[in-house]
Amino acid sequence: MPKPKILAAVFLFYIGISLIVTFPVVLHINSFVLGAPHSDIHTHLWDFYWVKTALLENHTFPLSTNLINFPEGGKLVPPSLLNAVLSIPLQTFFGVQASFNIIVILNLALGAFGAFCLVCYFLKDIKPSFVAGAIYGFSPFILSFGVASGGAEIISIAWLPLFFLFFIRTLTEGRLKNPAIASVFFLFLLISCFYYAFISGFFILLFGIYFFIFAKAKKSNLFFCGIEDNKFKAVDKQLLARLAILIFAIFILSFLFVLIVYNSLKGQNSIIPEEATKLRMEGKFLGSFYPKLSPASNHMVYLSDYFNFGKDRLSVSHAVIDLFQSPYCGYSVIFLSLLAFFSLKRKFIYFWLTALILFVILSMGPYLAVSRSCFLENPVSPTYQLIFFFIPVFKAAFLSNRFVVLVMLCLSVLAAIGCKIIVDRLQRPYDYFFTAAVSGLILFEFLFISPIQFPIPETELKLPVFYQKLAKEEGRFGILELPFFISGTNMFPRERFSYQIFHHKPISDIVAGSLPRYIARNPFTKKLVLLERPEPTYYNYSDDGVEKDIYKGFEQLVKDNFRYCIVDKKYYGPAEWEEVKAVLKGFMGEPDVYSDGFEVFRIK
């Protein structure tokens with residue numbers, strides 16, 4: 001590995017690139033957050049707030065809460081737990097908004113740095129390795145699905161290449177510290193984005209097969225450069241011991257994590273409704289069970305999207321309004337990757353090519369969806385189906401677009417090899433000029449030619465007038481926020497999670513994006529749900545018994561200490577709002593009307 005001074009300089013360069021690609025958030029880091037207004041940004045901000053509140057103020061583990069799903073509360077696992085924990089010192093000094101932005105910027109730089117370290121281990125050359133880091137850390141997929149969509153767990157890409165690096169060093173070097181370090185990075189994968197921990201298994205399985213098939217080859221043939229041949233022992237006496245340590249650690253960590261997640265999802269104390277959990281564990285959210293489901297609904301990837309450029313080509317999910325993804329890989333990256341095949345290290349090249357093809361196929365999900373124009377006519381993916389039926393956990397971890405991260409890692413390695421072929425033919429300082437020019441070209445293509453939104457969308461956190469008053473009101477009581485769904489969708493207004501960061505009062509919503517169990521079963525709130533006419537989900541929305549028990553349902557709200565019903569009118573259609581308002585006025589009287597579009601009813 002390069003000297004510490006070089007590593008520090010490389011990381012600082014990546015920090016600088018992170019500030020450029022996220023500009024202008026650095027100019028208003030305390031008032032805006034990276035992520036589109038109707039994306040997942042609000043729920044992830046809430047994760048950061050809740051983890052700090054639980055650990056520092058409540059002195060409890062953040063695996064259960066009474067701030068959401070009121071009045072029941074329940075168990076949960078914050079999806080971006082590691083980032084939330086790392087943000088605690090920052091939140092103490094800068095607040096949750098600035099802390100979130102800083103964590104995003106650091107994650108982009110760390111992701112690039114992780115890929116740099118992995119590739120530098122193979123190539124022993126910082127120049128093409130720097131290019132690899134730029135490709136992996138600032139790919140359109142991460143900037144769109146991770147940053148613009150507010151996915152704090154999606155941006156945790158640094159731990160994948162670092163885990164792979166020390167897994168490979170466990171195989172090739174005799175030091176016992178390598179499996180220990182690999183285990184730490186695997187733990188980081190689990191608690192930052194468990195999907196990444198899951199899909200990392202595909203890589204280590206592939207690389208393990210590749211390694212043992214060619215174990216008798218010289219290191220210089222097995223890898224690109226790496227350790228000198230005279231220091232390399234393909235299968236030494238300690239190899240099984242090192243592998244046993246690593247596999248045991250991975251098994252224990254995975255078992256404990258799955259146990260915690262299973263405990264948080266199972267039973268009446270879970271925040272996520274058991275109906276939704278059952279469907280997910282059975283894999284029935286997958287398009288293979290619902291052929292009419294669009295790939296965007298489950299974040300599947302079209303093959304054509306890897307090559308489609310232009311700002312009108314952005315894929316928008318139906319799960320959240322502002323949830324974007326662009327797996328565009330860039331023609332400059334493809335060109336450099338093709339150059340890699342002029343290298344003499346063919347075995348090494350073919351391994352990354354095989355991995356690349358596999359991960360592209362898996363990213364497409366249950367169907368071999370070549371393009372969105374002919375989705376329903378595409379055949380079922382036999383590779384995906386085989387894995388789906390023979391690996392039970394795969395049914396729960398079904399979001400196939402996560403494999404795009406591994407696609408970009410494979411491309412970054414191949415592109416770095418192609419870049420090295422050119423760099424080796426240049427003298428100083430032209431080799432450094434070439435590296436800077438290629439990195440700049442790739443970043444220019446990612447930002448200005450790919451389909452992603454640039455500048456990256458930002459959200460200004462403005463607290464409505466009534467919520468400002470609510471923050472000053474003493475006592476513990478619940479608030480009911482309407483609508484439950486945005487008109488014409490099954491999506492709920494997520495900004496109310498950001499509001500809670502400031503007012504601290506329990507709310508009835510849940511971060512999982514499902515209708516809370518209490519709301520679905522209380523006759524009064526169920527009546528309001530029926531008036532919003534949502535599309536059917538796993539709940540029975542029939543009106544059986546609603547009118548008969550509606551008064552009992554309202555009395556239950558009062559008994560459970562709900563004090564206010566807050567309505568954000570902009571999410572209602574005119575006809576819907578008149579029907580809902582009539583019901584609310586019949587039980588609660590006239591509302592307080594605010595100029596910012598909110599009407600507040602007192603529950604009494």
**OP:** Show your reasoning for whether side-chain contact (heavy atoms from CB on, under 4.5 Å) applies to Leu160 and Val405.
**Re:** CA-CA 9 Å; Leu160 273 169; Val405 176; 3.7 Å; yes
Angle class for the [X]/[Y] ring planes (parallel below 30°, perpendicular above 60°, tilted otherwise)?
X: Phe257; Y: Phe194; answer: tilted
X: His38; Y: Tyr571; answer: perpendicular
X: Phe444; Y: Phe448; answer: tilted

Is there a side-chain contact between [X] and [Y] in this structure, where contact means two heavy atoms from C-beta onward sitting under 4.5 Å apart?
X: Pro506; Y: Ile68; result: no
X: Phe598; Y: Val465; result: no
X: Val51; Y: Leu55; result: yes
X: Arg496; Y: His42; result: no
X: Cys329; Y: Met408; result: yes
X: Trp159; Y: Leu187; result: no
X: Ser450; Y: Phe309; result: no
X: Val567; Y: Leu584; result: yes

Original post:
Can you check side-chain contact (heavy atoms from CB on, under 4.5 Å) on Phe554 and Met588, steps first, answer last?
Top reply: CA-CA 10 Å; Phe554 183 76; Met588 306 179 211; 3.8 Å; yes
Any side-chain donor paired with an acceptor under 3.5 Å for [X] and [Y]?
X: Gln325; Y: Asn401; answer: yes
X: Tyr594; Y: Lys469; answer: yes
X: Tyr302; Y: Asn308; answer: no
X: Gln97; Y: Asn101; answer: no
X: Tyr49; Y: His44; answer: no
X: Asn83; Y: Ser156; answer: yes
X: His28; Y: Glu458; answer: yes

Nearest heavy-atom neighbours spanning [X] and [Y]:
X: Ala197; Y: Leu189; value: CB-CB, 3.9 Å
X: Ser326; Y: Pro451; value: OG-CD, 3.3 Å
X: Pro327; Y: Tyr306; value: O-CD2, 3.2 Å

**OP:** Apply side chain to side chain donor-acceptor pair (under 3.5 Å) to the pair Ser139 and Tyr328, showing each step before the final yes or no.
**Re:** CA-CA 8 Å; Ser139 71; Tyr328 179 77; over 6 Å; no
Would you compute the distance between atom [atom1] of [X] and atom [atom2] of [Y] and round it to the nearest 0.5 angstrom?
X: Ser192; Y: Ile154; atom1: OG; atom2: CD1; result: 10.0 Å
X: Tyr518; Y: Leu480; atom1: OH; atom2: CG; result: 8.5 Å
X: Leu82; Y: Ile103; atom1: CG; atom2: CD1; result: 8.5 Å
X: Phe497; Y: Thr43; atom1: CZ; atom2: OG1; result: 7.0 Å
X: Leu470; Y: Ile566; atom1: CG; atom2: CD1; result: 5.5 Å
X: Glu153; Y: Asn107; atom1: CD; atom2: CG; result: 11.0 Å

**OP:** Take Arg563 and Glu473, measure what salt bridge (charged side-chain N to carboxylate O under 4.0 Å, His left out) needs, and give me the verdict at the end.
**Re:** CA-CA 11 Å; Arg563 183 174 296 183; Glu473 192 166 342; 2.8 Å; yes
**OP:** Report the C-alpha separation of Val96 and Leu45 in whole Å, then their side-chain angles, then the decisive distance to 0.1 Å, and conclude whether the side-chain contact (heavy atoms from CB on, under 4.5 Å) test is met.
**Re:** CA-CA 7 Å; Val96 66; Leu45 274 174; 4.0 Å; yes
Original post:
Does the ring centre of Tyr467 sit less than 6.0 Å away from the ring centre of Tyr499?
Top reply: yes
**OP:** Take Phe562 and Phe70 through the test ring pair (Phe, Tyr, Trp, His ring centres under 6.0 Å) and record every step on the way to the result.
**Re:** CA-CA 9 Å; Phe562 280 91; Phe70 184 82; 5.0 Å; yes
Subject >> Phe11 vs Phe113, ring pair (Phe, Tyr, Trp, His ring centres under 6.0 Å): CA-CA, chis, key distance, verdict >> reply: CA-CA 6 Å; Phe11 183 69; Phe113 184 74; 5.7 Å; yes
Original post:
Between Tyr564 and Arg602, is there a cation-pi geometry (under 6.0 Å to ring centre, at most 45° from the normal)?
Top reply: yes
Original post:
Would a distance-only check, ignoring hydrogens and angles, find a side-chain to backbone donor-acceptor pair under 3.5 Å from Lys505 to His503?
Top reply: yes
**OP:** Run through Lys569, Glu576, Lys570, Glu532 and flag the one making a side chain to side chain contact (heavy atoms under 4.5 Å, CB included) with Pro483.
**Re:**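 The passing option is Glu532.
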Subject >> With Phe23 via side-chain contact (heavy atoms from CB on, under 4.5 Å) - residues at least two apart >> reply: Val26, Leu27
**OP:** Verify ring pair (Phe, Tyr, Trp, His ring centres under 6.0 Å) between Phe587 and Tyr551, making sure each step is shown before the conclusion.
**Re:** CA-CA 9 Å; Phe587 283 86; Tyr551 290 96; 5.1 Å; yes
